[in-house]
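Computed from a predicted structure; not experimentally measured. Order of the sequence lines fixes the chain letters, A, B, ..., with proteins taken first and strands second; residue numbering starts at 1 for each chain.
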Amino acid sequence: MNYLDELNEAQRAAVEYMDGPSLVIAGAGSGKTRVLTYKIAYLLEHGAKASEILALTFTNKAAREMKSRVEHIVGPDTAKYLMMGTFHSIAARILRREADQIGFTSDFSIYDTADMHSLLRLVLKERGLDEKSYKPAVVLGIISDCKSKLITPLQYAQDNDFAKRDKMAKMPFMPDVYSDYQKRLRSANAMDFDDLLTNLYYFLRDHHEKRREYQQRFQYVLVDEYQDTNYVQFLLVKMLAEPQNKICVVGDDAQSIYSFRGADIRNILGFQRQYEDAKLFKLERNYRSTRTIVGAANSLIHHNGDQIYKEIYSEKEQGEPILLTSYPTDRDEAEGVVREVRRLNRPLPGQKSYSLNQMAVLYRTNSQSRTFENELRKYGVPYRIYGGTSFYQRKEVKDAIAYFRLVINNRDWEAMARCISVPARGIGDVTIRKIREEGFDAIAHRNKPVLHFVEMIRGFEEMAYTVDAYTFAERVLRESGLLMAMDADKSPEGVDRKQNVDELLAGIHEFVELRREVGEEAHISDFLSEVSLLTDQDEKQKDDTARLTLMTVHAAKGLEFPIVFVVGMEADLFPSSYSKGPRELEEERRLFYVAITRAMERCFLSYAGQRFRNGNVNLTNPSPFLQDIDAQFIHREMANHTSGFGPMSTFAPHPMAPKTPTAGMSKLHSGAGETVHALKGTGFRNGDRVRHKVFGEGNVIRVYEQSDNEKIDILFDSVGQKTLLLTYAKLEKI
DNA sequence: GTAAGTCGTGTTTTT
DNA sequence: CACGACTTAC
C-alpha cells in the first residue's frame with residue numbers, strides 16, 4: 001500500500017515497528033493520529049486480526065475519529081472488529097460481560113458526578129458529618145485519587161499519613177466515608193467512573209484464567225494521549241499487553257494538562273525505564289503552524305524542567321508575529337477581539353479572509369466566555385461555545401434518563417430519588433429516607449402515592465425488554481407524567497428544558513433506527529449502556545452557519561484553527577491563582593503551550609488591566625508566562641479604551657453619550673457607606689470621593705454613560721498605582 | 001411537602 | 001455576577 005509514502009521518516013519508523021514496546025513522543029501538530037491510524041492499518045496488513053488490536057483513547061470523539069480514519073483505509077468490514085474506545089467504555093464493556101463474577105449484574109448503573117455527589121451527601125448525612133468540613137467536592141476528590149492509585153478503603157484506614165492529613169483537615173472519619181461510599185455503590189449495583197477502571201483491574205488481577213484470555217485476545221495494545229494516564233490505567237495497559245508486550249503508547253509530555261484529574265506524567269517519562277527494550281520515536285516536525293508559532297511555543301516550554309527533550313520544528317513560512325495586546329478592561333478586551341474577528345472575517349480588498357469556523361477564542365476558565373458572548377451578540381457574530389454542562393448532564397435530561405435507569409436497575413437509588421421527586425408526586429425527603437431504610441414494600445401498603453409509584457415502575461419493567469428503546473422511552477416519559485409536567489411549565493427556561501427532553505427522545509429514536517438497519521432490536525438497556533459514558537458535548541450542529549468557536553484551553557486540546565485568540569493572559573488567571581507550586585505552574589505552562597500550538601497561521605494574545613470577577617473588579621497584572629516567550633516572536637501593542645468613549649485621556653463627553661441619565665438611575669441610593677451597583681445606573685458625580693469594595697479610595701474623575709447596554713464606566717484617579725476604569729462595580733461613597 | 005427567598009461560594013474536567 | 005444549598009413561609 002502506498003499510504004506509507006504519506007509519512008515522514010520518523011512517522012514511518014513508528015508505524016512499522018511492532019515487535020515490542022514503543023514510545024512515540026508526538027509533538028503538537030506532528031501527525032499523531034495519522035501515525036496511530038496507519039499503524040493499525042499496517043498491523044492489519046501484516047497478519048494481525050482486527051479483533052486482536054486494542055486501541056485506547058481518552059475521548060469518545062478521538063475514538064470515533066480514529067475508527068473512521070482506519071475504516072477509510074481498511075474498510076468497514078474489517079474495522080468493525082477493532083476494539084477501539086475510551087478506557088472507560090472498554091472497561092465497561094468487559095465488566096458487563098463479567099459482572100456476575102464480581103458481584104454485580106450486567107445491568108449495573110454508571111454513576112456520573114451528580115450521582116456521586118448525591119450519594120456522598122447521603123453517606124455524610126448518615127454518619128452525621130458536617131458538609132462544611134467534609135466538602136463533597138473535596139471528599140470525592142480524595143476518593144477518586146485513592147481509586148486511581150488503587151488504594152482501597154481498608155488500606156486507607158491503615159495509613160498513618162492519611163490519618164494525619166485528614167485530622168489536620170478536620171475530616172477524621174474519611175476512612176469510614178470512603179468505605180460507606182463504596183458499600184453504597186455496590187448495593188446500588190453501581191460503579192462510578194473510577195470503579196470502571198479499578199474493578200476491571202482487580203478482576204483481571206484475581207482471575208488468572210480471564211486475564212490470560214484477555215491478554216491472548218489483545219495481541220496489540222495502542223494507547224493515545226499516554227501522558228494523561230493515571231496509575232490504574234498504567235497498570236491495566238501493562239497487564240493487558242503482557243506477556244508479549246506489543247504495546248505502543250503515543251503522547252506528548254509537553255501537553256500533559258490533566259494531572260488535577262489524577263494523570264501522572266511519570267507514566268510517559270518513565271516508559272523507557274518500565275520497558276528497557278522500548279523503542280523511542282520522536283515526531284518533531286510540526287505540520288500545523290508557522291515557524292513563528294512553533295518557535296514561540298518552543299521558547300515557552302523550554303522553561304519547564306521535567307520533560308523528554310525534543311525540538312519541534314516547522315517547515316512552513318515564518319508567518320506573522322504573535323500579537324500581544326493590552327486592554328484597559330475585560331470588556332475592552334472582548335470588544336477588541338470581536339473587532340479583530342470581524343476584520344479578519346470581512347477584510348479589506350486584497351487581504352486574506354477567514355471564515356468564522358477558522359477562528360477560536362480560548363480562555364482559561366468558562367466564566368470568561370460571558371463577556372465575549374455579550375460583545376458577539378451585540379455585533380451579531382455567530383458563535384458556538386463548547387463545554388459548560390453537556391447535554392447528558394442537564395437536570396431535565398438526567399431526570400428523564402433516571403426513569404430508564406431505575407427500570408433497568410431497580411437498586412439504583414440515585415435514579416430512584418430523581419424519579420420520585422420529578423414530577424412532584426407528593427413524596428418528600430422523609431418518605432424517601434424511609435423507603436431507603438425499610439424498603440418499598442414496607443411503605444407502599446400504607447402510603448398511596450408510594451404504592452402508585454411502585455406499580456407504575458413495575459408496569460414499565462414489563463415493557464423494558466419487549467418493546468424497542470424509543471417506544472419504551474416515549475411511553476415511560478408520558479405515563480410517568482414527566483412530559484405533561486414539563487409542558488405545563490411555560491417559562492422560557494421550561495420550554496428550553498422540554499426541548500432538551502424532546503431532543504433526547506429524538507436521539508433514542510435515531511439510536512433505534514441505526515440498530516434496526518443492522519437488523520438488531522435496540523432495547524432501552526442498550527441505549528443506557530451506550531449513553532452512560534457519553535459526556536460528550538454533542539458535535540452535530542443544527543445548521544451550517546459559520547461560527548466563531550469559544551472554549552477553554554483544555555477543551556481545545558487536539559484541535560487546530562488558522563486563527564487563535566488566547567485571552568485573559570493575566571497573573572492569577574492564567575496561570576490560575578490555584579497553581580502556585582512549581583509543579584502546578586509547569587502544568588499551567590503546558591496548558592499555555594497547548595493554547596498557542598492550536599494556531600496554524602496567527603495567534604493573538606491579550607490581557608486586560610482590570611477584570612470583573614465574582615462580582616468585583618480586580619486590578620490585574622500581565623501573566624508571567626508572557627515573559628517566557630522569546631521576544632523575537634511577539635509584537636506588543638496597547639489598545640485604547642474601545643468601549644465607545646474615545647481615548648482614556650480625553651475627558652470630553654463622548655458624542656454618543658446620552659444627555660439624560662440612564663434608566664435605573666433614580667432608583668439608586670448612594671448614601672454614605674451604602675453599597676451600590678454601578679451597573680444599574682450611577683449616583684456618582686465627578687469629584688465624588690468613593691471607596692471601592694476591594695481597592696480602597698479614589699476620586700471620581702469622570703462618569704461616562706452609555707445608553708445601549710446600560711453600563712456605566714467611571715474613571716478614577718490613582719488607586720494604589722493604577723487608574724481604575726470601572727464598568728460595573730460595587731462602590732461606596734465616603 | 002412544596003415553593004419562594006437568603007446565604008455563601010467560586011479552576012481547569014476527556015470519563 | 002450566578003448558581004446551588006439551605007431556610008423560611010405557605
Please state how far atom [atom1] in [X] lies from atom [atom2] in [N], giving the value in whole angstrom units.
{"X": "Leu362(A)", "N": "dT12(B)", "atom1": "CG", "atom2": "P", "result": "15 Å"}
{"X": "Gln393(A)", "N": "dC3(C)", "atom1": "CD", "atom2": "C1'", "result": "16 Å"}
{"X": "Lys580(A)", "N": "dT12(B)", "atom1": "NZ", "atom2": "P", "result": "16 Å"}
{"X": "His117(A)", "N": "dT9(B)", "atom1": "NE2", "atom2": "C1'", "result": "13 Å"}
{"X": "Glu131(A)", "N": "dC7(B)", "atom1": "CD", "atom2": "P", "result": "19 Å"}
{"X": "Glu584(A)", "N": "dT11(B)", "atom1": "CD", "atom2": "C1'", "result": "12 Å"}
{"X": "Lys135(A)", "N": "dT9(B)", "atom1": "NZ", "atom2": "P", "result": "7 Å"}
{"X": "Leu140(A)", "N": "dT15(B)", "atom1": "CG", "atom2": "C1'", "result": "15 Å"}

Which part of the nucleic acid, if any, lies within contact of [X], taking any heavy atom under 4.0 Å across all strands shown: a base, the sugar-phosphate backbone alone, or nothing?
{"X": "Glu225(A)", "value": "nothing"}
{"X": "Arg613(A)", "value": "nothing"}
{"X": "Asp194(A)", "value": "nothing"}
{"X": "Leu591(A)", "value": "nothing"}

Open item on the list: Using a 4.0 Å cut-off on heavy atoms, which residues in residues 256-264 of chain A reach DNA chain B? List them by number, or say none.
Closed with: Tyr258(A), Phe260(A), Arg261(A)
Which listed nucleotide ([options]) is nearest to the side chain of [X]?
{"X": "Ser576(A)", "options": "dT2(B), dT11(B), dT15(B)", "result": "dT11(B)"}
{"X": "Leu533(A)", "options": "dG10(B), dT12(B), dT15(B)", "result": "dT15(B)"}
{"X": "Lys395(A)", "options": "dT12(B), dG4(C), dT14(B)", "result": "dG4(C)"}
{"X": "Thr431(A)", "options": "dT13(B), dG1(B), dT11(B)", "result": "dG1(B)"}
{"X": "Phe193(A)", "options": "dA5(C), dT15(B), dG10(B)", "result": "dT15(B)"}
{"X": "Asn614(A)", "options": "dG10(B), dT15(B), dT12(B)", "result": "dG10(B)"}
{"X": "Arg121(A)", "options": "dT15(B), dT14(B), dC6(C)", "result": "dC6(C)"}
{"X": "Thr552(A)", "options": "dC6(C), dT13(B), dT14(B)", "result": "dT13(B)"}

Rounded at 0.5 Å granularity, tell me how far [atom1] in [X] sits from [atom2] in [Y].
{"X": "Lys147(A)", "Y": "Tyr181(A)", "atom1": "NZ", "atom2": "OH", "value": "5.0 Å"}
{"X": "Phe193(A)", "Y": "Ser532(A)", "atom1": "CZ", "atom2": "OG", "value": "8.0 Å"}
{"X": "Lys398(A)", "Y": "Arg418(A)", "atom1": "NZ", "atom2": "CZ", "value": "4.5 Å"}
{"X": "Arg425(A)", "Y": "Ser480(A)", "atom1": "CZ", "atom2": "OG", "value": "6.5 Å"}

- [ ] Could you pick out which residue, Ile427(A) or Ser579(A), lies toward the 5' side of DNA chain B when each is mapped onto its nearest nucleotide?
- [x] Ile427(A)
Open item on the list: On DNA chain B, compare the nucleotides closest to Tyr578(A) and Gly426(A); which residue's is nearer the 5' end?
Closed with: Gly426(A)
Open item on the list: Show the nearest heavy-atom pair for residues Gly27(A) and Asp252(A), with the distance to one decimal.
Closed with: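 Reported closest heavy-atom pair: CA-OD2, 3.7 Å.
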Open item on the list: Please tell me whether Asn267(A) and Thr229(A) have a donor and an acceptor in their side chains that are separated by less than 3.5 angstrom.
Closed with: yes
- [ ] Could you walk me through whether Asn500(A) and Glu396(A) pass side chain to side chain donor-acceptor pair (under 3.5 Å), step by step?
- [x] CA-CA 7 Å; Asn500(A) 284 328; Glu396(A) 62 273 21; 2.8 Å; yes
- [ ] Would you please confirm or rule out a distance under 4.0 Å between OP1 or OP2 of dG1(B) and any side-chain N or O of Arg425(A)?
- [x] no
- [ ] For dT11(B), measure the glycosidic angle (O4'-C1'-N9-C4 for a purine, O4'-C1'-N1-C2 for a pyrimidine) and name it syn if it falls within 90° of 0, otherwise anti.
- [x]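 Classified syn.
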- [ ] Using a 4.5 Å cut-off on heavy atoms from C-beta on, say whether the side chain of Tyr593(A) contacts that of Asn304(A).
- [x]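 Asn304(A) does not reach Tyr593(A) side chain to side chain.
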TODO: Find out whether Ile257(A) and His554(A) are in side-chain contact, i.e. whether some heavy atom of one side chain is under 4.5 Å from a heavy atom of the other.
DONE: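 They are in side-chain contact.
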TODO: Test for a donor-acceptor pair under 3.5 Å between the base of dT11(B) and the side chain of Arg364(A), counting only N and O atoms.
DONE: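 A donor-acceptor contact between them is absent.
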